[in-house]
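A short write-up of the structure that comes next.
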Amino acid sequence: MRNNDNDNNNNNVKKKGLWSPEEDEKLMNFMVRNGQGCWSDIARNAGLQRCGKSCRLRWINYLRPDLKRGAFSPQEEHLIIHLHSILGNRWSQIAARLPGRTDNEIKNFWNSTIKKRLKNTATSSSPNNSDSSDHTHLKANVVGGGRCSCKSTRQLESAWIPHLRRAHPWPPNSETPSTLITTSWSWISSTTTAYST
DNA sequence: AACAAATACAACCGCATTGGT
DNA sequence: CACCAATGCGGTTGTATTTGT
């Protein structure tokens, strides 16, 4: 298999691990001054011993000024659960419907908190209910196969998402950050109504 | 107080996709 | 059309912090 992970194969060794406050400051200052561009250039020009990929991740998940931070509100939590039941593990798409939240954040939240909670409630109510939220998505119904491993999730995406998108385009018209959550709910309502069995 | 286990979160890795040449 | 570099995504791992004993 071709190794195209060029960031990791650079001739000069790149730093790994946690970001120091100094590195954060360098990246932040550079982004504020120059805006987003080619990440490998940003890494170089900001004077960071990091690969572009690492800079991108740090910016998106931590430094971006529009990040919300802090604990998820009950409303957000509800929204995540609902969106996950529709979209499955498409964290970036779920994040797009939650203003100020990142895919990584939501993924972590799901894996550490919600998943566990759902598992507990499932085991307390039904012994055969083994994490259905992860592997029985709406698309299983739409596509008809019912199979839903993570890889197949990606492969099947092109098969069913376009149908859903055509009928329920995202984002809805006149979207603003303050109305995102509200419109997320109406989007959910329309999709679940249309595609529930 | 010391240690282990559990938890939460940050970051990395591999792969797919995209766009330029 | 083939190739390559850059980017984006989701899974996984690593690490700091918190909680329990």
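Numbered from 1 within each chain, the chains take letters A, B, ... in sequence-line order. Owing to the predicted nature of the structure, the values given are computational and were not obtained by experimental measurement.
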Does [X] reach a base, just sugar-phosphate, or nothing at all? Heavy atoms under 4.0 Å.
| X | answer |
| --- | --- |
| A:L18 | sugar-phosphate |
| A:R69 | nothing |
| A:N61 | nothing |

With hydrogens left out and only the distance checked, is there a donor-acceptor pair under 3.5 Å joining A:K16's side chain and the base of C:dG14?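 No, the side chain and the base share no sub-3.5 Å donor-acceptor pair.
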Thinking salt bridges, do A:E23 and A:R58 make one under a 4.0 Å N-O criterion?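 Between A:R58 and A:E23 there is no salt bridge, as every charged N stays at least 4.0 Å from the carboxylate O atoms.
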If the threshold is 4.0 Å, N to carboxylate O, is there a salt bridge linking A:E105 and A:R69?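 A salt bridge is absent here (no side-chain N lies under 4.0 Å from a carboxylate O).
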Can you give me the closest heavy-atom contact between A:L79 and A:R97, atom names plus distance?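 Here A:L79 and A:R97 meet closest at CD2-O, 4.0 Å.
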For [N], take OP1 and OP2 only and decide whether either is under 4.0 Å from a side-chain N or O of [X].
| X | N | result |
| --- | --- | --- |
| A:W91 | C:dG11 | yes |
| A:S92 | C:dG8 | no |
| A:R90 | C:dG10 | no |
| A:S112 | B:dC9 | no |

Rounded to whole Å, please give me the gap between [atom1] in [X] and [atom2] in [N].
| X | N | atom1 | atom2 | value |
| --- | --- | --- | --- | --- |
| A:R56 | C:dA6 | CZ | C1' | 10 Å |
| A:D24 | B:dC9 | CG | P | 17 Å |
| A:I106 | C:dC9 | CD1 | C1' | 13 Å |
| A:I60 | C:dC9 | CD1 | P | 7 Å |
| A:L57 | B:dC15 | CG | P | 18 Å |

Where does the angle between the aromatic ring planes of A:W110 and A:H84 fall among parallel (under 30°), tilted (30 to 60°) and perpendicular (over 60°)?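 Correct class here is parallel.
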